Protein chains: 2
Amino acid sequence: MATAGLLGLPPRGIMGEMSTESAADRPAGYARGRRTRDDLVAAAAAVYGDVGFDGASLREIAKRAGVTHAGLLYHFPSKEALLAAVLERRDKIDAERPDLHLPNGLGPLGRLVALAAHNERHRGIVELYVRLAAEATSEMHPAHIYFTDHYRQAREFAEEGFRALAAQGRLRPRVDPQVAAIGLIALMDGLQAQWLTEPEAVDLTTALRHYIEQTLTETNHASGPAKKT
Amino acid sequence: MATAGLLGLPPRGIMGEMSTESAADRPAGYARGRRTRDDLVAAAAAVYGDVGFDGASLREIAKRAGVTHAGLLYHFPSKEALLAAVLERRDKIDAERPDLHLPNGLGPLGRLVALAAHNERHRGIVELYVRLAAEATSEMHPAHIYFTDHYRQAREFAEEGFRALAAQGRLRPRVDPQVAAIGLIALMDGLQAQWLTEPEAVDLTTALRHYIEQTLTETNHASGPAKKT
DNA sequence: CCTACCGATCGGTAGG
DNA sequence: CCTACCGATCGGTAGG
């Protein structure tokens, strides 16, 4: 789930109909208000991680950012507008992240392993995505479009990765890149849920690496500088 | 996630400290009250699937079962007691299910594929588990113990399955049964979340079968009567 | 950005 | 099993 913006694609639309109009996107030359808004978005992300979007109260988010809940609604006209801002920020952060480039013999898919390693050190991000993804399962949920989009992008990225390996003749002949891609994304998500529930019992990268290596031909298992983390 | 009771183990404890004492477990010779309680548990499972446990209101659950919310609290003394009853019922149903036995060349792990195929025809079950598992991530959540237990059992079952294959010499030499088991359970969970979000884009069994087959030696891929579903 | 308020809904209890 | 109620909390608005 915490694979948003993975491709560095331009954050397109993000929330479907949802609009962040109003005070929220003023000239932004007013440093103070900008700061408050950033604090609100950060606080919201944290609270969503703790109790989900549905369970989050504007009063709790506002309190953590040091304003009243009516003050929050001055900056973001509705609960949904704040959610949109949180998701936009996540995509922006992910897209701008320069790390995740350590070559590791797994081709583009190495980025996914590196992302998992990064997430392991940022529990809050994982909590945010695991909770939101479960809520957004419903077609009526305000983040539903965001997640269908997110899954599609993640799948396409993984599929490209497997195709690249196939082009190099490194993929086992029976491996279907599309099926392998769906599985890889699902594996990442499932590992995150299990890891949050019981961090000692599971780690995020081992099973992932194992999965990718199973799809490679025997001679390609050396997997380069694997333990670079 | 919807792998509860997979092993047919005696439902042990279930909810940690949580107790279902009180009126809820009377002699049970009173058919009418028994019926009402069953209706309440079924309604609760449905509402949890829609909006999660945290988001579910006793009034909505009671209405679906045809009683008032105070009537519900007569049968189940608290919101948590009702949750315990829902989880107990799920384990009982799973343990008693006689299907899931079609041999398919995958050994014990074939049961997991059969379970996924079954879940594909019972969206409500999957919704219930995906939502609860995300909420139960927090150590404070009343279902947390249930899920740590559930994950542990599921992992052990899968690990046994991989060991059985290894004993038959059917496992590829590089495959670690424990790592493969963690991955298989995670894969099931992640597929379920993706499938709920976008049912047309993903199916529950293909990626699962693919994963298991990747761990087998070349000569074992025929996978027996695969499309028996 | 705040104070003050609105109607709605929540889990749970009293008392039959 | 119900009616009737409790205190708490919710998202959002009015009006500055």
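Chain identifiers are assigned alphabetically (A, B, ...) following the order of the sequence lines, protein sequences preceding nucleic acid strands; residue numbering begins at 1 within each chain. The shown structure was predicted, so the numbers you read here are calculated from the model rather than taken from an experiment.
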Counterpart base for C/dG7, defined by Watson-Crick or G-U wobble contacts under 3.5 Å: D/dC10

For C/dG16, the Watson-Crick or wobble counterpart (both distances under 3.5 Å): D/dC1

Pair A/Arg90-A/Leu87, side-chain contact (heavy atoms from CB on, under 4.5 Å): steps then yes or no: CA-CA 5 Å; A/Arg90 273 250 44 78; A/Leu87 296 178; 5.6 Å; no

Atom-to-atom span, OH of A/Tyr74 to P of D/dG12 - whole angstrom: 18 Å

Lys/Arg-Asp/Glu bridge criterion (N-O < 4.0 Å) met for A/Glu127, A/Arg123: yes

From D/dG12, D/dC1, D/dA4, nucleotide with atom closest to B/Thr36 side chain: D/dC1

Integer-rounded Å distance: C/dC1 P and A/Phe76 CZ: 11 Å

Interatomic distance where NZ belongs to B/Lys63 and P belongs to C/dT9 [whole Å]: 9 Å

For atom NZ of A/Lys79 and atom P of D/dT13, their distance in whole Å: 15 Å

Nucleotide nearest B/Arg59 when distance is taken to its side chain, options C/dA14, C/dC2, C/dC10: C/dC10

Sugar-phosphate only, base, or nothing, as touched by B/Ser57 at under 4.0 Å among non-hydrogen atoms: sugar-phosphate

Nucleotide nearest A/His75 (side chain, heavy atoms from C-beta), chosen from D/dA4, C/dC1, D/dG12: C/dC1

Gap between atoms CG and P, on B/Leu40 and D/dC2 respectively (whole Å): 10 Å

B/Glu60, CD atom: more than 12 neighbouring heavy atoms under 6.0 Å: yes

Nearest listed nucleotide, side chain of B/Ala70, among C/dA14, C/dC2, C/dG11: C/dA14

Interatomic distance, B/Leu58 CG vs D/dC2 C1' [rounded to whole Å]: 16 Å

Length of the NE2-P vector between B/His69 and D/dC6, whole Å: 14 Å

Sugar-phosphate, base or nothing in reach of A/Leu73, heavy atoms under 4.0 Å: base

Ring centre gap for B/Phe147 and B/His141 strictly below 6.0 Å: no

Sugar-phosphate, base or nothing in reach of A/Ala65, heavy atoms under 4.0 Å: nothing

Whole angstrom value for the distance that separates C1' of C/dG11 from CD of B/Glu60: 15 Å

Over 12 non-hydrogen atoms of neighbours within 6.0 angstrom of CD in A/Gln178: no

